[in-house]
Every structure is written in C-alpha cells, then in structure tokens.
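Notes to accompany the following structure.
Remember, it's 1-based here, ligands and their atoms both numbered in the order they're listed.
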Amino acid sequence: MTRVHLAHRTRQIIVCSLALLFAIITDSTCDAAAPLSYLTASGFRSRHIAALTWALMIVSIVVVIVIVALLIEGLRRGFARGPFPPGAQIPVARPPGASWIYVGVGLSTVVLFVMATWTMITLAHVANPPRSDAPLRIEVTGHQWWWEVRYLSPDPSREFSTANEIHVPLGRAVEVDLRGVDVIHSFWVPALMGKTDVIPGQENRTWIEADKPGVYRGQCGEYCGEQHAHMGFEVIASSPDEFEKWWNAQLAGQPSLLPALSDAQNTFIAKCGLCHTVRGTRAGGHLGPDLTHLTSRRSIGAAALPNTQGYRSAWVADPQHVKPGNYMPRLELSGPELNAISVYLDTLS
Ligand code: HEC
Ligand SMILES: [Cu+2]
C-alpha cells in the first residue's frame, strides 16, 4: 500500500466512524425512535446513572481515537522508513518509543481508577431512594411471558392487581418487590433504572422514580424462553392527583351486567374464568392477567399489541398466532361465543 493510499483509507475510516457515532447518538437520544434508550433519563436514579454512562462512553471514544491515531502514526513512520533489507538485524531490545508505553499504562490506569471509583460511588448513591418518606410499594411478579403488578397498601381493602402496566405518581419513590414463579426474568426500565433480576424463590427489591410525566417502556432483560421478546410493559408517570384517581378507579369491581349482557358474561366465566379474574364476578383464575379493568390499559399481551377492540378479538380468537408458545391456549370458540366474549371484554373499563 502506498502512502497516498493509506491516507485515503484512514480518512475513509474516520469519516465512517464519525457517521456511525452520530447515528447512534442521535437515534438513541430520541425517545420516540428508541423507547428503550438508557441515554435519556428521568428521575434521581437514572439521571445519576446516565451521567456516568455518558462519561464512560466519551472516555471510551477518546481512548479509541487516541489509540487509532497512534497506530496510524506508527504505520506512517514504518512506511516512510521502508522495509528492512532481507536478513537485517531488527532493533528490538529497547526501541526509542518504549517510554510511550510507560506513559500510556500510567495514564490509562489513572483513567480506569477514576471511572471505577465514580461507578462505585454512583451505585451506592442510587441504591436507595434519596428521601426517607415512605415509598409507594408494589409487588411485581414475572411470569412467562407477562408481568403481574400488585399495588400494596397499609389498608388491605385498597390493594389490587393489574398487569403489564405500572402507574406511578411523579416525584415519588416506588419500591418494587420482585418475585419469580417460573424461570429467571429481569425487570428493566431503561429510562428509569438498570436491570434487576427476578428470581424464583427469592425476593429482590428495586425502586423507580419518574420526574417527567410520560410513558416509559420496560422490557424483560433476561432471556426467559420463546416469548421473551414479547415480555414488555409500560410505566406511566402522572401527577399525584391523576395517579390517585387511577388507583380509585382500579379498585372498583365490575358490576353485574344488564340481562342483555349476562349471557356474554356467563360465556366469559365458563371459557376464561379459570385463568382470568374479573373482580366482582365469579371469574377468579390466576394463571393469566387480571382483566377487571382491561380496556383501561394501553396494550395487551405484555405490550405486544395495542389494546383496541380489533386486536382484543384477534387475540382471543387465536393468541398463539400473536405469541406462539404463550400459555393462553387457542380455545376453538364458535363465532357467536367469540362475539359475545368480545362484547363483554369491551365493557371492562
Ligand atoms: C389456560 C389459561 C387461560 C385461558 C383458559 C384463557 N386465558 Fe387469556 N391469558 C392467559 C395467559 C397466560 C395470558 C398471558 C399471555 C401472555 O401475554 O404471555 C392471557 C392473556 C389474555 C389477554 C391479554 C391481557 C393483557 O393485559 O395482556 C386477554 C385479553 C385474555 N387473555 C383474554 C382471555 C379470554 C377472553 C379468554 C376466554 C375466551 C381467555 N383469555 C382464556 C391464560 C388463559
Ligand atoms: Cu422474562
């Protein structure tokens, strides 16, 4: 390779790397394009972590650039000197550039030490909520392949369960007790917190806090079988007033229906009630998500589908088509049964 050729190649590599870096940064800092980005943070916890992440990334980029520049300079000098003649004695005992190695090792040790210390301080800092006011407590259970969410309260009559959707009040720490019932999962909301494993037979505890209203996407972060990729959830942060309203609405059971709909309800109870609960009715199963306020949620199938009438019916008609292998079987309903159940599901607001 000639020198001109080498310089050309080098420029090409640098331009491509910069373009790639730009694409990564712009893409992952844009909420809409990358809902699972951990580079945009909300709340005390993730803001500390995001600062550390950015610093680590920038240091790594600078290190790579310095190393590549030195490598290129070394190559350039080597090419400038030309090849050693055959049989020549190559001076390796103590080449003139050796002192650079000592400087480099010293410098990188300092950088590594600073980053390691910063990492440990950050981890200790975010381990617990910053204030001592009683956090809200929820219990999240990882199932293959959905999330059961139970809101706890000192007053047991104010407790209830929902699924795949976690509502939190802005600016308040929420303690999350994680339970596993089948295999290991991992609870992860990139914009709010790092991963915490969900392990059967062990209760792990983590916490989240959001200080910007919005919807934060969460995802199981530990491979847990066929539908691991469809084991998502959402954290919805709203003002304390709105949160309180939501909680009160979720507490209500479903009233008995008008006679015109009670057949539909009975079909639902007979076909679905062994696995699903609708509070206020005889449907009290626990193998699948609590459906009491199904239509109040944004998605179904653990964030696999939007929660619209059409998708709900499609799910019930054949859940195995959407999430092959999931634990809701295809129930071979007749047309009228499917219709009745779809109409009934629409009433679960
Ligand atoms: C054998 C148990 C079982 C039966 C019977 C069953 N389901 Fe399910 N259902 C599940 C499981 C498990 C899930 C969670 C699937 C997933 O997301 O991985 C689920 C999920 C759902 C969801 C999505 C809920 C959400 O919030 O994501 C709906 C809606 C639903 N079922 C409706 C029904 C209806 C209607 C029937 C009766 C026709 C029915 N199910 C019968 C086990 C069952
Ligand atoms: Cu999982």
Side-chain angles (χ1 to χ4, degrees), residues 140-149 161-167 178-189 195-200 204 218-234 236 250 254 264-278 281-349:
V140 172
T141 307
H143 294 263
Q144 280 175 318
W145 288 278
W146 59 282
W147 302 91
E148 179 182 347
V149 184
S161 289
T162 179
N164 304 323
E165 200 172 283
I166 299 175
H167 285 243
L178 295 166
R179 287 154 188 266
V181 288
D182 37 43
V183 300
I184 298 178
H185 302 275
S186 187
F187 182 81
W188 185 36
V189 194
K195 295 173 189 172
T196 306
D197 273 4
V198 180
I199 300 173
N204 280 355
Q219 176 66 35
C220 177
E222 172 91 31
Y223 181 72
C224 57
E226 199 174 348
Q227 287 300 331
H228 162 67
H230 284 144
M231 188 169 164
F233 60 101
E234 285 180 331
I236 295 166
Q250 295 287 316
Q254 289 297 344
Q265 183 174 31
N266 288 338
T267 313
F268 173 84
I269 292 170
K271 298 283 179 184
C272 327
L274 279 178
C275 292
H276 292 286
T277 293
V278 172
T281 74
R282 281 179 293 119
H286 289 289
L287 272 170
D290 185 303
L291 300 181
T292 311
H293 294 282
L294 174 65
T295 63
S296 76
R297 304 205 276 264
R298 288 165 42 94
S299 67
I300 56 169
L305 292 174
N307 189 4
T308 62
Q309 194 180 34
Y311 282 121
R312 280 197 298 272
S313 302
W315 170 273
V316 177
D318 188 2
Q320 294 299 317
H321 178 74
V322 180
K323 272 175 92 163
N326 91 79
Y327 290 110
M328 172 162 163
R330 189 185 158 147
L331 287 156
E332 308 298 347
L333 302 167
S334 70
E337 281 170 339
L338 180 58
N339 255 339
I341 286 174
S342 298
V343 169
Y344 177 68
L345 292 183
D346 293 345
T347 69
L348 301 177
S349 59

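You'll find the side chain of Cys275 stays beyond 4.5 Å of the side chain of Met328, heavy atoms only. Here the side chains of Arg297 and Leu291 are in contact, with some heavy-atom distance below 4.5 Å. Side-chain contact check for Val198 versus Trp147: some heavy-atom pair is nearer than 4.5 Å. Side-chain atoms of Thr281 and Tyr344, non-hydrogen and from C-beta on, do get closer than 4.5 Å to each other. Annotation: side chain of His143 is in contact with side chain of Asp182 (closest heavy-atom distance under 4.5 Å). Using a 4.5 Å cut-off on side-chain heavy atoms (C-beta onward), Leu287 and Leu274 make no contact. Side-chain atoms of His185 and Leu178, non-hydrogen and from C-beta on, never get closer than 4.5 Å to each other. Ile300 has its side chain within reach of Asn307: a pair of non-hydrogen atoms, C-beta onward, lies under 4.5 Å apart.
For the Cu ion (ligand 2), the N/O/S atoms of Ser186 include none lying under 2.8 Å. None of the N, O or S atoms belonging to His228 lies under 2.8 Å away from the Cu ion (ligand 2).
Here the protein heavy atom with the shortest distance to atom 22 (C) of ligand 1 is Trp315 NE1, 3.3 Å. Of all protein heavy atoms, the one lying nearest to atom 33 (C) of ligand 1 is Met328 CE, 3.3 Å. Counting only heavy atoms of the protein, atom 38 (C) of ligand 1 lies nearest to Cys272 SG, 2.7 Å. Scanning the protein heavy atoms around atom 27 (O) of ligand 1, the nearest turns out to be Gly301 N, 2.7 Å. For atom 13 (C) of ligand 1, the closest heavy atom belonging to the protein is Pro289 CD, 3.4 Å. Cys275 SG, 3.5 Å is the protein heavy atom nearest to atom 5 (C) of ligand 1. Closest to atom 29 (C) of ligand 1, if we only count protein heavy atoms, is Leu294 CD2, 3.8 Å. Nearest protein heavy-atom neighbour of atom 12 (C) of ligand 1: Leu287 O, 3.5 Å.
Of the options Gln254, His276, Gln250, a side-chain contact (heavy atoms from CB on, under 4.5 Å) to Thr292 is made by Gln254 and by none of the others. Considering Trp146, Trp188, Phe187 in turn, Phe187 is the only one that fulfils the ring pair (Phe, Tyr, Trp, His ring centres under 6.0 Å) rule with Phe233.
Annotation: the span from Trp315 atom CH2 to Asn326 atom CG amounts to 4.0 Å, rounded to 0.5 Å. Going from atom CG of Asp346 over to atom OG of Ser313 covers 6.5 Å, rounded to the nearest 0.5 Å.
At least one N or O atom of Lys323, backbone or side chain, sits closer than 3.5 Å to an N or O atom of ligand 1. Close N/O approach between Leu291 and ligand 1 is not found [any backbone or side-chain N/O within under 3.5 Å]. Below 3.5 Å of separation, one finds an N or O of His276 facing an N or O of ligand 1. Residue Ser299 has no N or O atom closer than 3.5 Å to an N or O atom of ligand 1.
The atoms of ligand 1 that sit less than 4.0 Å from any heavy atom of Val316 are 35 (C), 38 (C). Using a 4.0 Å cut-off to heavy atoms of Ile341, the atoms of ligand 1 that qualify are 35 (C), 38 (C). Residue contact check: Asn326 has heavy atoms under 4.0 Å from atoms 15 (C), 18 (O) of ligand 1. For ligand 1, the atoms lying closer than 4.0 Å to a non-hydrogen atom of Ala302 are 27 (O). Of all the atoms in ligand 1, the ones that sit under 4.0 Å from a non-hydrogen atom of Lys271 are 5 (C), 37 (C). Counting atoms of ligand 1 from 1 in the listed order, those under 4.0 Å from a heavy atom of Gly288 are 10 (C), 11 (C), 12 (C).
The SG atom of Cys220 and the SG atom of Cys224 meet at the Cu ion (ligand 2) at an angle of about 120°, given to 10°.
For Trp145 and Tyr327, the gap between ring centers is short of 6.0 Å.
With a heavy-atom cut-off of 4.0 Å, Pro329 touches ligand 1 through its side chain alone. Counting heavy atoms under 4.0 Å from ligand 1, residue Asn164 touches it through the side chain alone.
Across all non-hydrogen atoms, the minimal contact from Arg298 to Glu165 is N-OE1, 2.7 Å. Contact record, Asp197 with Ser186: OD1-OG, 3.1 Å, taken as the closest heavy-atom pair.
Ranked by closest heavy atom to atom 26 (O) of ligand 1, the top entry among Arg312, His293, Arg297 is Arg297.
Nearest to the Cu ion (ligand 2), among the N, O or S atoms that His185 has, is ND1.
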